[in-house]
Amino acid sequence: MENRCNWVVGKEPLYKEYHDREWGVPVYDDRHLFEMLCLEGAQAGLSWWTILQKRENYRQAFDNFEANKIINYNEEKIQSLRENSGIVRNRLKILSVITNAHAFLKIQKEHGSFSNYIWSFVDGFPIINHWNSVNDVPTSNEISDSMSKRLKKDGFVFVGSTICYSYMQAVGMINDHTMDCYLHPSNLKKR
């Protein structure tokens, strides 16, 4: 049996699959980066498990996070999202996806891609941390503070420092697998 980060031990198969296949794996695809930013924002005040279970519903409800479609959502569409029990129906969180779609498209235009923009916060390379325990892992750092300020300045919402740190973990900008986890890069080299 593979040793995993303590936060996933004993959890549901979906949680294990997320840990094993996605968390800490670098993502460069703009659409997926946008999706994860929106989902991390939806998580605010909730658990990631809540959002992970609803992720497929989110993809259907928000046109697979195609920003060009989302920017055209009208009040009727917003109301239908508020009635969709498959997502978190908080009006501000729903509106944040639309707001962020506008900001995302602006960033793509200005920087060539959202990936170029977001990965610039870590100079284009994942940060590999060496934590012994999940208790050592921070919920924010100077990079997430800087990212949060910049994203807000560029028109994004629901992008506080804690959300940004969690986002960087989710898209592999920061690898916070603990040292005893089979997915920590130092353990992968031994295989």
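At distances below 3.5 Å, at least one donor-acceptor pair connects side-chain atoms of Asn187 with backbone N or O atoms of Cys181. Under a 3.5 Å cut-off, the side chain of Asn129 and the backbone N or O of Asp176 do not form any donor-acceptor pair. A donor-acceptor contact shorter than 3.5 Å is absent between the side chain of Asp123 and the backbone of Phe125.
In this structure, Glu110 pairs ionically with Lys106, as a charged nitrogen and a carboxylate oxygen lie closer than 4.0 Å. Ion pairing of Arg55 with Glu22 is present here, as a side-chain N (NZ or NE/NH1/NH2) and a carboxylate O approach within less than 4.0 Å.
Judged purely by distance below 3.5 Å, without hydrogens or angles, the side chains of Thr99 and Ser96 never pair a donor atom with an acceptor atom. Between the side chains of Thr162 and Ser140, not a single donor N or O lies within less than 3.5 Å of an accepting N or O. For the 3.5 Å distance criterion, the side chains of Ser161 and Asp145 qualify, holding a donor opposite an acceptor. A side-chain N or O of Gln79 and one of Glu83 form a donor-acceptor pair less than 3.5 Å apart. At a cut-off of 3.5 Å, with distance as the only test, a side-chain donor of Ser113 or Asn116 sits close to an acceptor on the other residue.
For Trp23 and Trp7, the gap between ring centers is short of 6.0 Å. The aromatic ring centroids of Trp48 and Tyr15 lie 6.0 Å or more from each other.
A cation-pi arrangement, defined by a distance under 6.0 Å to the six-membered ring centre and an angle within 45 degrees of its axis, is absent between Lys54 and Tyr58.
Relative ring orientation between Phe114 and Tyr117 is described as tilted, the plane-to-plane angle lying within the 30° to 60° band.
With a 4.5 Å cut-off between side-chain heavy atoms of Ile, Leu, Val, Met, Phe, Trp and Tyr, the cluster of Leu92 takes in Val157, Phe158.
Ser80 pairs by the side chain to side chain donor-acceptor pair (under 3.5 Å) definition with nothing, not counting sequence neighbours.
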